[in-house]
Protein chains: 2
Amino acid sequence: MALRHALLAALLDRELSGYQLSKLFDLGASSFWHASSQQLYAELGKLEADGLLTGHEVVQQGRPNKRVFALTDAGRDELTRFTGAPTKPTSIRDDLMVKAYAEQAADPDTLIKQLEDRAAQSRAKAEFLAAQLEKLRGDKPEADFLASADNVGPYLAGTRGKMYHDDQAEWCEWAAAILRHRTTS
Amino acid sequence: MALRHALLAALLDRELSGYQLSKLFDLGASSFWHASSQQLYAELGKLEADGLLTGHEVVQQGRPNKRVFALTDAGRDELTRFTGAPTKPTSIRDDLMVKAYAEQAADPDTLIKQLEDRAAQSRAKAEFLAAQLEKLRGDKPEADFLASADNVGPYLAGTRGKMYHDDQAEWCEWAAAILRHRTTS
DNA sequence: TATGATTAGTCAAGAAATTGAGTAGTGGGA
DNA sequence: TCCCACTACTCAATTTCTTGACTAATCATA
């Protein structure tokens with residue numbers, strides 16, 4: 001029920017092809033939602049059937065043709081409805097937290113490695129998102145951009161994504177340090 | 001594939017009934033994983049069938065009988081394997097981030113209300129988790145507890161949960177303030 | 001004395017997400 | 001010149017998760 005709205009949101013101020021959307025929703029790059037390409041194309045089909053967006057074939061030379069999707073008025077209305085409707089908080093479901101919880105059953109060294117690897121991944125992703133944010137706000141200071149820009153949504157969402165990954169990296173390193181300390185003493 | 005391990009982790013140092021587990025994995029109270037009771041009971045059945053845990057009927061007076069589950073050696077081994085195996089990072093999928101991203105299509109006032117409501121929920125949950133952490137560490141300072149306690153896993157996971165909700169609340173309030181400022185100017 | 005909350009679950013239907021493989025053309029590097 | 005990566009998708013099977021309803025007893029409250 002929510003990938004629908006994530007797709008509509010991504011198409012709010014531009015047209016994108018299925019493939020471009022699949023890059024935007026990629027696990028390693030998405031700032032606000034993730035989905036596999038298979039899931040995306042399936043959902044795009046449903047959204048088109050429901051009249052929330054329209055697809056146009058674009059003929060290309062030198063590479064496969066693509067279908068570019070755009071929001072319809074109905075799609076925009078649906079997004080407006082969605083943003084105003086209460087939804088229940090998204091639940092936490094993180095495999096790393098399960099691993100940390102199960103620390104007693106874990107081999108300390110491999111668990112520490114898991115945490116350090118994830119810390120590195122999150123650091124990289126936080127940096128990537130920081131670069132995206134910088135690009136979005138251009139040369140303005142953040143406060144000016146947020147006060148005056150005409151589309152701040154992606155910036156708000158990107159900021160949350162960056163916070164998440166900064167925290168994740170920090171926590172992973174903190175937890176790894178504690179476990180390391182416990183094994184050496 | 002991961003609810004399995006979350007359940008095994010929860011049963012690592014104690015026996016719990018399905019109902020107790022359903023409270024632990026409740027959306028409003030879970031610090032490290034969430035699942036509905038239906039999903040839980042289904043998964044508990046599979047885990048028992050796979051020999052990763054055993055259930056014992058406990059007869060009670062004055063209330064329905066219950067089944068209490070305990071880890072088997074195979075279950076503990078599976079947890080050890082899981083904690084050492086690399087897993088891909090959990091993806092971000094948060095309805096609020098989608099709503100923020102779609103700010104352009106949103107009615108400002110209702111979106112602001114959504115953000116403020118969620119901020120309040122996250123504040124409450126962060127407080128709840130803070131109380132749990134305090135209970136876990138007893139009267140010791142955190143550093144002493146983490147260095148000397150025999151089961152720090154739940155504390156590590158709970159800390160991440162608290163960070164998540166502290167951040168969520170902070171971001172929601174920040175985003176709401178920006179949107180409010182943009183509507184009044 | 002009826003009403004709702006709490007304990008302790010079960011059943012079934014459907015939607016959402018994952019896993020794994022496959023197609024087919026183009027461009028670039030060893 | 002061969003192989004790999006990239007663009008741009010599709011198909012099928014399976015697992016996971018959600019939604020909504022239902023049973024049935026006890027306890028506290030109004």
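Residue numbers start from 1 in every chain, and the chains themselves are labelled A, B, ... in the order their sequence lines are given, proteins ahead of strands.
- Atom CH2 of A/Trp33 and atom C1' of C/dA17 are 11 Å apart (whole Å).
- With respect to B/Glu173 and B/Arg123, a salt bridge is recorded, a charged nitrogen being found less than 4.0 Å from a carboxylate O.
- Using bins of under 30°, 30° to 60° and over 60° for the plane-to-plane angle, the ring pair B/Phe82/B/His5 lands in the parallel bin.
- Rounding to whole angstrom units, CG of residue A/Leu40 and P of D/dT10 are separated by 11 Å.
- Rounded to whole Å, the distance from NZ on A/Lys23 to P on D/dA8 is 10 Å.
- Ranked by how close their nearest DNA chain D nucleotide is to the 5' end, B/Pro64 and B/Gln61 are led by B/Pro64.
- When the side-chain nitrogen and oxygen atoms of B/Gln60 are compared with OP1 and OP2 of C/dA8, one or more of them lie within a distance under 4.0 Å.
- Each of D/dT16, C/dA21, D/dT18 was ranked by its minimum atom distance to the side chain of B/His34; first place goes to D/dT18.
- Counting only heavy atoms from C-beta on, A/Ser17 has its side chain closest to D/dC9 among D/dC9, D/dT19, C/dA16.
- Here C/dA13 presents its C1' atom at 15 Å from CD of B/Gln39, a figure rounded to the nearest Å.
- A/Lys66 has its NZ atom 20 Å from the C1' atom of C/dT23, to the nearest Å.
- Checked against a 6.0 Å centroid threshold, the rings of A/Phe32 and A/Phe25 count as neighbours.
- Phosphate contact (OP1/OP2 of C/dT7, side-chain N/O of B/Tyr19, threshold under 4.0 Å): present.
- A sub-4.0 Å separation between OP1 or OP2 of C/dT19 and a side-chain N or O of B/Lys88 is present.
- Using modelled atom types and a 3.5 Å distance limit, the side chains of B/Lys99 and A/Thr87 yield a donor-acceptor pair.
- Mapping B/Glu43 and B/Ser37 onto DNA chain D by nearest heavy atom places B/Glu43 closer to the 5' end of the strand.
- A straight line from CZ of B/Arg93 to P of C/dA17 spans 5 Å, rounded to a whole angstrom.
- Atom CZ in A/Arg63 sits about 8 Å away from atom C1' in C/dT26, given to the nearest Å.
- Per the geometry, CZ belonging to B/Arg67 stands 12 Å off C1' belonging to C/dA8, to the nearest Å.
- In plain terms, the two heavy atoms of B/Leu129 and B/Gly161 that are nearest each other are CD1-C, 3.6 Å.
- Comparing A/Leu3 and B/Gln20 by the nucleotide of DNA chain C that holds the closest heavy atom to each, the one mapping nearer the 5' end is B/Gln20.
- Applying the 4.0 Å criterion to OP1 and OP2 of D/dT10, one finds that A/Tyr41 has every side-chain N and O outside that range.
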